[in-house]
Amino acid sequence: MQVYKFGGASVKDADGVRNVARIVEHYKDQQLVIVVSAMGKTTNLLEELTKAYYNGATVQDYFDKAKQFHNQILEELFEDKSNPIFNDVANFFVEIDWIIEEEPQDTFDYLYDQIVSIGELISSRIIEAYLKKVHIDSLWVDARNYIHTDNNFREGNVDWNKTERSIRSSIPTLLEKNILVTQGFIGSTSENFTTTLGREGSDYSAAIFASCLDAEIVTIWKDVPGVLNADPKWFDATELIPELSYLDAIELTYYGATVIHPKTIKPLQNKGIALAVRSFVDLNNNGTIIRTTNNTLPVSSFIFKVNQVLISILPKDFSFIVEDNFSHIFNVFAKHRLKINMMHNSAVSFSVSVDYDEQNIVSLIKELKKQYDVEFQRDLELVTIRYHNQQTIERVLLNKEVIMQLQDNYTCQMLIRSVEGNRLIE
Ligand code: ASP
Ligand code: MG
């Protein structure tokens with residue numbers, strides 16, 4: 001059996017849904033679990049809605065926009081207005097309505113998961129209904145009955161034993177008769193509260209299903225031809241990497257290559273399940289295959305992360321940064337949910353680069369300042385080159401100034417700033 005994952009970009013409009021059906025039709029003679037993300041930018045929109053609701057601002061605009069967006073897709077896909085899908089989607093919006101009618105009583109993270117997960121529930125329903133309409137036997141499966149997590153809302157940790165038991169007990173039987181359509185990104189706690197697995201987590205869901213079902217291969221269908229050696233958003237002459245080892249794939253995603261969610265690869269590697277990354281527009285192109293191979297990357301790969309903040313932490317009494325301080329500092333970062341992208345320590349300071357997230361950074365710095373002096377610089381970029389050489393380093397440093405650089409045999413990381421026009425704060 002195989003697992004297909006379709007991300008938000010592949011189902012951003014009615015044509016996207018038709019294209020999913022075309023791909024499934026083409027490969028339907030195999031047992032298939034289809035994992036889908038929310039349509040287009042729905043997750044961002046529901047995220048904004050949740051923030052507004054939590055902060056007591058008006059949510060109606062976000063709510064209407066989300067409804068209109070999905071209704072438009074439904075109108076285009078289903079001529080028969082008595083198709084039950086219209087009701088199903090309306091009912092999912094009622095669930096959001098029920099939540100936002102009342103004053104927020106729960107934590108932000110909990111509310112976030114209850115609201116934002118609706119995006120995936122709706123998209124998977126629409127896709128199932130459309131597959132049925134074009135006579136592909138399909139069945140909607142609620143991922144929350146299979147993917148079990150702890151109570152860590154917004155970043156649920158998967159209980160693998162329980163998840164594997166649930167998946168194995170019923171999915172193989174269901175697969176004998178139907179193509180299954182389920183949601184990426186979501187799971188549930190032992191008390192049946194919905195959780196999410198972290199942004200872009202649908203790839204991870206696909207890997208969880210594949211691992212528990214001993215799938216042959218997982219295919220992530222994308223709007224790019226496969227894994228490229230750089231994001232075309234930042235680089236002109238990108239090259240497709242036809243084959244990639246699990247290790248290189250893990251390293252690239254770890255440093256921020258957004259083409260695959262970082263948690264996806266390990267479970268697949270453990271079971272020797274291949275991962276294909278292919279274009280959903282060009283079915284003649286095999287894209288990238290990630291599997292066991294001794295080949296290293298054929299070209300240097302570049303990973304860019306913009307909007308970085310350098311935070312430097314210095315002990316107030318000019319004592320050395322010692323282990324006690326480190327464990328405290330790491331705990332503070334974890335508590336404020338800031339992931340460290342790069343770090344460096346010297347005798348008297350510890351510096352890290354993190355994504356700029358105003359809310360979390362303000363609270364982090366406030367807490368750190370109780371014990372340390374803290375300095376920070378905004379508007380930096382982090383570039384990682386896997387299989388770097390002098391030429392590739394020079395290429396990215398054109399008109400840039402290096403703030404911090406770390407390098408080993410395989411990887412070079414540079415925190416850089418454009419030479420002109422950058423602000424320095426504090
Ligand atoms: N819809 C979720 C997100 O945008 C999960 C995913 O797309 O993988 O983060
Ligand atoms: Mg996505």
Side-chain angles (χ1 to χ4, degrees), residues 7-10 12 37 40-41 43-44 198-200 203 220-242 244 248-262 264-265 277-282 285 287-288 290 296-310 338-343 352-358 377-408 410-424:
S10 63
K12 67 178 193 321
S37 299
K41 301 267 179 247
T43 304
N44 289 352
R199 284 304 306 265
E200 305 300 326
D203 296 351
I220 300 183
W221 296 91
K222 299 228 41 137
D223 55 358
V224 288
V227 178
L228 305 173
N229 73 326
D231 187 332
K233 206 157 63 180
W234 312 113
F235 237 73
D236 290 337
T238 54
E239 285 177 55
L240 176 73
I241 303 167
L244 204 55
D248 274 333
I250 288 172
E251 292 281 343
L252 293 179
T253 58
Y254 171 78
Y255 288 115
T258 54
V259 62
I260 310 162
H261 187 277
T264 312
I265 317 229
V277 181
R278 296 180 57 174
S279 158
F280 59 71
V281 276
D282 179 9
N285 194 330
T288 301
I290 298 162
T296 54
L297 285 180
V299 287
S300 300
S301 282
F302 301 83
I303 299 143
F304 295 85
K305 271 178 170 283
V306 293
N307 242 330
Q308 295 296 296
V309 194
L310 175 70
L338 285 162
K339 288 188 184 143
I340 295 174
N341 296 325
M342 181 186 192
M343 59 185 164
V352 304
S353 173
V354 295
D355 293 352
Y356 183 69
D357 173 331
E358 184 160 341
Q377 274 186 53
R378 269 183 63 180
D379 296 326
L380 304 176
E381 290 166 24
L382 179 62
V383 187
T384 305
I385 313 176
R386 179 102 176 135
Y387 300 113
H388 57 87
N389 55 37
Q390 200 46 43
Q391 198 191 341
T392 53
I393 292 176
E394 278 163 18
R395 183 164 162 200
V396 297
L397 287 185
L398 207 67
N399 294 325
K400 306 278 179 176
E401 175 192 347
V402 184
I403 308 286
M404 184 155 83
Q405 178 165 0
L406 293 176
Q407 160 170 353
D408 65 20
Y410 300 108
T411 307
C412 171
Q413 271 197 302
M414 294 177 287
L415 191 64
I416 59 181
R417 176 167 67 164
S418 298
V419 173
E420 77 277 355
N422 257 307
R423 283 176 298 156
L424 193 66

Next item on the list: Could you grab the distance from atom CD1 of Ile260 to atom CD1 of Ile265, nearest 0.5 Å is fine?
Entry: 4.0 Å
Check: When you look at Val259 and Val277, which way does the side chain to side chain contact (heavy atoms under 4.5 Å, CB included) test go after all the steps?
Finding: CA-CA 9 Å; Val259 62; Val277 181; 4.0 Å; yes
Checklist line | Plane angle bin for Tyr387 and Tyr410 - parallel if under 30°, tilted between 30 and 60°, otherwise perpendicular | finding: perpendicular
Note to self: Any donor-acceptor pair under 3.5 Å linking the side-chain atoms of Arg395 with those of Asn389?
What the structure shows: no
Checklist line | Nearest non-hydrogen partners of Ser37 and Gly7, listed with the distance | finding: OG-CA, 3.5 Å
Checklist line | side-chain hydrogen bond (donor to acceptor under 3.5 Å, both in side chains) partner of Ser353, chosen from Gln308, Lys305, Glu381 | finding: Gln308
Next item on the list: First locate atom CG of Asp223, then atom CG of Asp282, and finally report the distance between them rounded to the nearest 0.5 Å.
Entry: 13.0 Å
Note to self: Could you check whether any side-chain N or O of Thr411 sits under 3.5 Å from a backbone N or O of Asp408, counting only pairs where one atom can act as donor and the other as acceptor?
What the structure shows: no
Notebook entry, point to check: Closest heavy-atom contact between Pro225 and Ser279?
Noted result: CA-CB, 3.9 Å
Note to self: Taking Tyr255's backbone N and O only, do any of them form a donor-acceptor pair with Gln413's side chain (distance below 3.5 Å, no angle check)?
What the structure shows: no
Checklist line | Separation between CZ of Arg199 and OG1 of Thr258, rounded to the nearest 0.5 Å | finding: 12.0 Å
Next item on the list: Considering non-hydrogen atoms only, spot the tightest contact between Thr392 and Ser300 and give its length.
Entry: CG2-OG, 3.5 Å
Check: Are any non-hydrogen side-chain atoms of Thr264 and Thr253 less than 4.5 angstrom apart?
Finding: no
Notebook entry, point to check: Is the backbone N or O of Tyr356 less than 3.5 Å from a side-chain atom of Asn307, with the two atoms forming a donor-acceptor pair by type?
Noted result: no
Check: In Å, rounded to the nearest 0.5 Å, how long is the span from CG of Leu380 to CZ of Arg417?
Finding: 7.0 Å
Checklist line | Side-chain donor/acceptor of Asn229 to backbone N/O of Thr238, under 3.5 Å | finding: no
Check: What is the minimum heavy-atom distance between Ser301 and Leu297, and which atoms define it?
Finding: OG-CD1, 3.4 Å
Check: Between Pro298 and Ile241, what is the shortest heavy-atom contact and its length?
Finding: CD-CG2, 4.0 Å
Next item on the list: Drop me the distance from Met414's CE to Leu397's CG, to the nearest 0.5 angstrom.
Entry: 4.5 Å
Check: Just wondering, more than 12 heavy atoms not from Lys400 lying within 6.0 Å of its NZ?
Finding: yes
Check: From Phe304 CZ over to Ile385 CD1, what is the distance, rounded to the nearest 0.5 angstrom?
Finding: 7.5 Å
Notebook entry, point to check: Where do Ile290 and Ala249 come nearest, in terms of heavy atoms and distance?
Noted result: CG2-CB, 3.9 Å
